[in-house]
Amino acid sequence: MTKRVMGRASFAHILDSLGQIQIYVQVNQLGKEEYEDFKSLDIGDIVGVRGNVFRTKKGEISIKTEEITLLAKSLRPLPEKWHGLRDTDLRYRQRHLDLIVNPEVRETFVIRSKVIQAIRRYLDERGFLEVDTPILHNTAGGASARPFITHHNTLDIDMYMRIALELHLKRLIIGGFDKVYEMGRIFRNEGMSVKHNPEFTMIELYQAYADYNDIMDLTEDMIYTVAMDVLGSAEVQYEGQTIDLTPAWKRMTMIEAVKEHTGLDFNQIDSNEDIVKALKGIGIEDHKTVTWGEALNLVFEERVEEKLIQPTFITEYPVEISPLAKKMATDPRLTYRFELFIVSRELANAFSELNDPIDQRERFIAQSRKRTAGDEEAHMMDEDFINALEIGMPPTGGLGIGVDRLIMLLTNSHSIRDIILFPTMKPRD
RNA sequence: GACCCAUUAGCUCAGUCGGUAGAGCACUUGACUUUUAAUCAAGGAGUCCGGCGUUCGAGUCGCCGAUGGGUCACCA
């Protein structure tokens, strides 16, 4: 906001969430005393203005002020008016200032709200039921991640902040809700970066009698629809690249993707010697004894992920890294799973859900072994969940989307902190 | 966790070879009845991130530390 005082008449702009308008203030409209009060206003003060609308000589629509009332006084000076607030640390810590001073920040968070609205509308229209499941868990399951631990005083037990929505939503499928989703906050006690905040928003949905192919169709249609609803276009600019979200998106298996980008054909690789040789051949030295599936995933992450700029579904993930996904009938080393990559980032993860309680128990046991071997991110055994599976879960397709990363893409934001209003910050002394 | 960069007025930033701390905006005072980052004149404003060291003398050089940012590593 600006203020231009010229003796006995002045101009200023006032601003609210809908925009700004110029006001014109004259001494012979207000009287001397009121006009002096006006001149003593500061840039951040909040005022009410009454008067008639007119157009100035230069053509700007303005208000000829008849009455101006101070509604709230600003005691601290606002940041400088044309360089604004640049200090990223201060912007995140004092988001209120950032929002006042930097209009594009306001716009980003309006888009965030619209994206979330559009996702809900899409799913509600298709008969999905939105539910709320617990955030405090007795066992942290549904993903590979280190949880935050907290304590319940009355029960005198430690509890975990959820790291995924998955296991409760599957219980609802077992309970007979055929289409459910939840959009909510997830907590992971891991490193922070431009792509990671300790708490972030995820949406997970589950559809009974669907498989991962159905979910792939839904995913691309939903993201396309959201982009059209919010931006009015399926073409998105992201850090100098043009991303086209128009379906149908590229689909390839992990084995195909690895073969295309590295020349390694994992269908021809079998023995441990083959694996070591293959990894060495493309310059990956990994001395941990890796299995076939782990090696496939390792090569994919190291050599392929970065190349996936346009929307791409990677399918058929190794069973070792997919403890909740159904094994393929044609190849038990792989699962009916896909992940969606856009601008080299994982945006979604989905599979035909494992609904065989015996197989699920074995997967959990395998995970527990990793856990005791020191892998803090391996899944915990969850007897309660297996018990639920034993009741009988229909074949189900499930999907998880990192909502923050989707919003980063749609708002061309470099850092996850730019699309979370109050990102996690280290306290200051 | 490693490396690189930054930290000077409320904000955005200069500060030369080591020699009295600077600008614009904001603020205060004055002039000005159609301005658009209004203009003009004057004024106040500092723990130069902290500590230690080198030096006659440190915002500037060295070491240690803090905070932030970036890159990488780790991580769905």
Side-chain angles (χ1 to χ4, degrees), chain A residues 1-13 20-30 32 35-36 39-45 54-65 74-94 97-98 100-102 142-147 163-164 166 186-198 200 202 204 297 300-302 305 314 317 321-324 337 339-341 344-350 375-379 400-402 404-405 414-418 423 425-429:
Chain A
M1 195 176 72
T2 55
K3 191 170 122 208
R4 296 173 292 280
V5 177
M6 298 159 303
R8 286 183 278 279
S10 305
F11 288 90
H13 279 96
Q20 61 169 27
I21 189 165
Q22 181 167 262
I23 62 172
Y24 178 51
V25 186
Q26 295 164 103
V27 66
N28 53 17
Q29 279 275 344
L30 287 192
K32 203 164 185 182
Y35 188 72
E36 286 307 309
K39 285 206 288 185
S40 70
L41 292 177
D42 294 317
I43 295 299
D45 291 347
F54 76 111
R55 198 179 281 273
T56 63
K57 272 183 190 167
K58 298 279 169 70
E60 183 166 345
I61 291 170
S62 306
I63 297 172
K64 188 166 276 183
T65 303
S74 172
L75 295 180
R76 290 177 186 273
L78 287 178
E80 199 250 7
K81 70 179 166 193
W82 69 80
H83 293 102
L85 187 66
R86 291 269 180 74
D87 186 318
T88 50
D89 184 50
L90 276 181
R91 285 187 42 221
Y92 299 141
R93 283 180 200 279
Q94 302 195 42
L97 285 181
D98 191 27
I100 291 170
V101 172
N102 298 322
S144 306
R146 284 160 67 190
I163 56 173
E166 179 138 356
I186 300 292
F187 306 85
R188 294 188 183 173
N189 204 344
E190 289 169 350
M192 291 163 65
S193 79
V194 87
K195 280 175 278 184
H196 300 83
N197 196 63
F200 61 100
M202 228 167 115
E204 287 191 23
N297 185 56
F300 174 76
E301 285 184 348
E302 293 289 324
E305 248 183 53
I314 299 295
Y317 274 63
I321 59 161
S322 314
L324 299 164
R337 174 182 177 187
E339 287 193 350
L340 167 64
F341 289 86
S344 313
R345 287 183 194 157
E346 175 205 338
L347 232 80
N349 179 20
D375 183 354
E376 284 185 84
E377 275 140 27
H379 291 232
I401 296 179
D404 302 285
R405 289 188 183 173
H414 175 67
S415 169
I416 195 168
R417 289 176 161 190
D418 291 328
M425 301 292 279
K426 198 172 177 178
R428 261 188 169 172
D429 302 330

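To find a chain, count down the sequence lines: A is the first, B the second, and so on, and within it residues start at 1.
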Where the side chain of [X] is defined as all heavy atoms beyond and including C-beta, which of [options] is the nearest nucleotide?
{"X": "A:Arg417", "options": "B:rU67, B:rU34, B:rG69", "answer": "B:rG69"}
{"X": "A:His414", "options": "B:rC32, B:rU71, B:rC27", "answer": "B:rU71"}
{"X": "A:Val194", "options": "B:rU28, B:rG70, B:rU35", "answer": "B:rG70"}
{"X": "A:Tyr24", "options": "B:rU67, B:rG70, B:rU34", "answer": "B:rU34"}
{"X": "A:Lys58", "options": "B:rU35, B:rA26, B:rU33", "answer": "B:rU35"}
{"X": "A:Lys57", "options": "B:rU34, B:rU12, B:rC11", "answer": "B:rU34"}
{"X": "A:Leu90", "options": "B:rC75, B:rC11, B:rC27", "answer": "B:rC11"}
{"X": "A:Thr56", "options": "B:rC27, B:rU36, B:rG68", "answer": "B:rU36"}
{"X": "A:Phe11", "options": "B:rU33, B:rU34, B:rU67", "answer": "B:rU34"}
{"X": "A:Asp89", "options": "B:rG68, B:rU34, B:rU36", "answer": "B:rG68"}

Ignoring hydrogens and angles, answer whether the base of [N] and the side-chain atoms of [X] contain a donor-acceptor pair closer than 3.5 Å.
{"X": "A:Asp87", "N": "B:rU12", "result": "no"}
{"X": "A:Arg4", "N": "B:rU35", "result": "yes"}
{"X": "A:Thr2", "N": "B:rU35", "result": "no"}

Atom-pair distance ([atom1] on [X]; [atom2] on [N]), nearest Å:
{"X": "A:Gln26", "N": "B:rU34", "atom1": "CD", "atom2": "P", "value": "9 Å"}
{"X": "A:Arg86", "N": "B:rA6", "atom1": "CZ", "atom2": "C1'", "value": "15 Å"}
{"X": "A:Glu376", "N": "B:rC74", "atom1": "CD", "atom2": "C1'", "value": "12 Å"}
{"X": "A:Leu41", "N": "B:rC27", "atom1": "CG", "atom2": "C1'", "value": "14 Å"}
{"X": "A:Tyr35", "N": "B:rA31", "atom1": "OH", "atom2": "P", "value": "12 Å"}
{"X": "A:Asn297", "N": "B:rC75", "atom1": "CG", "atom2": "C1'", "value": "13 Å"}
{"X": "A:Lys3", "N": "B:rU36", "atom1": "NZ", "atom2": "P", "value": "16 Å"}
{"X": "A:Leu75", "N": "B:rG10", "atom1": "CG", "atom2": "P", "value": "16 Å"}

Just call it for [X]: base, sugar-phosphate, or nothing, with non-hydrogen atoms closer than 4.0 Å on any strand.
{"X": "A:Val5", "answer": "base"}
{"X": "A:Gln22", "answer": "base"}
{"X": "A:Glu190", "answer": "sugar-phosphate"}

| Taking the same atom, C1', in B:rC27 and in B:rC74, what whole-Å distance lies between them? | 48 Å
| NZ/NE/NH1/NH2 to OD/OE distance under 4.0 Å, A:Lys3 and A:Asp42 | no
